[in-house]
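Okay, so here's the structure we're looking at.
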Amino acid sequence: RAAGRARSTAASAGEMRQVWALARGLPECAQATVKAAVEKRVAAGAGSEKILDQADELGQVLEMGRVLAAVSAATQSTEAAAAALKKEGATAEEEEGYADAALEAASSNQKQSMSLRMALMDLQTKVQMLTAITLPSNCDLATDLRAAGKEMEDIDSALRKISQAARSKKLMASMKSLHTGEL
């Protein structure tokens, strides 16, 4: 434990990888400024706990990177759920399998989407009060967060449609298997 405490005074390479991964979620225009701010903190002996602390402004900006990256991942997995739904199977059992996969993906995305929307609302408030980091004038994180909020609304609406379509596909598949005596 004492070693852990001593180590926490300066960020390790592993911890820094986590910080850079979050910074990569930010728009390109913000990345250099944030990277410089992080390096300055590390040089002053800050550990990653301090850098990632959300009570800290730099931590809040890195959290924006995490949330923006998560929104982009949510768009991709929503597209994957829609693709699973479009798959056609030769048998009713296969059809039902594809519908199940789409339903599962849609349901796990819906759970995540709720927490992402909450995080976005929180960050939209915080971004207006940032003073510690001066981003380039062409870099407006508030606009990016609003756009991500709009993207989440689109994702939610797509997920609802995918769930409904997957349910009807399952119903059709089970009727088809009754009809063809596959059960």
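Side chains included, hydrogens not; waters and symmetry mates left out as well; all remaining heavy atoms used.
At least one side-chain heavy atom of Arg117 sits under 4.5 Å from a side-chain heavy atom of Met114. Residues Leu141 and Leu26 meet the side-chain proximity criterion, which asks for heavy atoms closer than 4.5 Å.
The two residues Lys169 and Ala84 come nearest to each other via the heavy atoms NZ-O, 4.5 Å. The shortest heavy-atom contact between Ala23 and Gln31 is O-CG, 3.5 Å. Counting all heavy atoms, side chain and backbone alike, Ala165 lies closest to Leu85 at CB-CD2, 3.4 Å. Contact record, Val67 with Ala119: CG2-CB, 3.9 Å, taken as the closest heavy-atom pair. Across all their heavy atoms, Leu116 and Ala70 have their closest contact at CD2-CB, 3.6 Å. Of all the heavy atoms in Leu22 and Leu62, the pair that sits closest is CB-O, 3.7 Å.
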Report, one line per pair, each donor and acceptor closer than 3.5 Å where one atom sits in a side chain of residues 96-106; sequence neighbours left out.
| from | atom 1 | to | atom 2 | distance (Å) |
| --- | --- | --- | --- | --- |
| Asp100 | OD1 | Lys170 | NZ | 2.6 |

Inset, instruction - Check step by step if side chain to side chain contact (heavy atoms under 4.5 Å, CB included) holds for Arg66 and Glu63. - result: CA-CA 5 Å; Arg66 184 193 72 78; Glu63 172 65 2; 2.9 Å; yes
| request: Walk me through it: do Gln18 and Ser48 pass the test side-chain hydrogen bond (donor to acceptor under 3.5 Å, both in side chains)? | output: CA-CA 9 Å; Gln18 185 192 355; Ser48 70; 4.9 Å; no
Show, in sequence, the C-alpha distance, side-chain angles and deciding distance for Arg41 and Val19, and conclude whether the side chain to side chain contact (heavy atoms under 4.5 Å, CB included) test is met. CA-CA 12 Å; Arg41 285 289 183 81; Val19 172; over 6 Å; no
Margin query: side chain to side chain contact (heavy atoms under 4.5 Å, CB included), that's the test. Do Met152 and Ile155 meet it? Break it down for me.
Written below: CA-CA 5 Å; Met152 284 313 303; Ile155 288 172; 3.9 Å; yes
Q | Audit row: Asp154, Thr75, side chain to side chain contact (heavy atoms under 4.5 Å, CB included) steps and yes/no | A | CA-CA 9 Å; Asp154 295 345; Thr75 298; over 6 Å; no
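Under the 4.5 Å side-chain heavy-atom criterion for grouping Ile, Leu, Val, Met, Phe, Trp and Tyr, Leu52 is connected to Trp20 within one hydrophobic cluster.
Ionic pairing of Asp156 and Arg160 is not present here: no N-O contact between side-chain nitrogen and carboxylate oxygen is shorter than 4.0 angstrom.
Applying the side chain to side chain contact (heavy atoms under 4.5 Å, CB included) rule to Lys161 yields the partners Ser157; only residues at least two apart in sequence or on another chain are considered.
Considering Val71, Asp140, Val127 in turn, Val127 is the only one that fulfils the side chain to side chain contact (heavy atoms under 4.5 Å, CB included) rule with Leu145.
A disulfide bond (SG atoms under 2.5 Å apart) check over residues 78-143, counting only residues at least two apart or in different chains, returns the pairs Cys29-Cys139.
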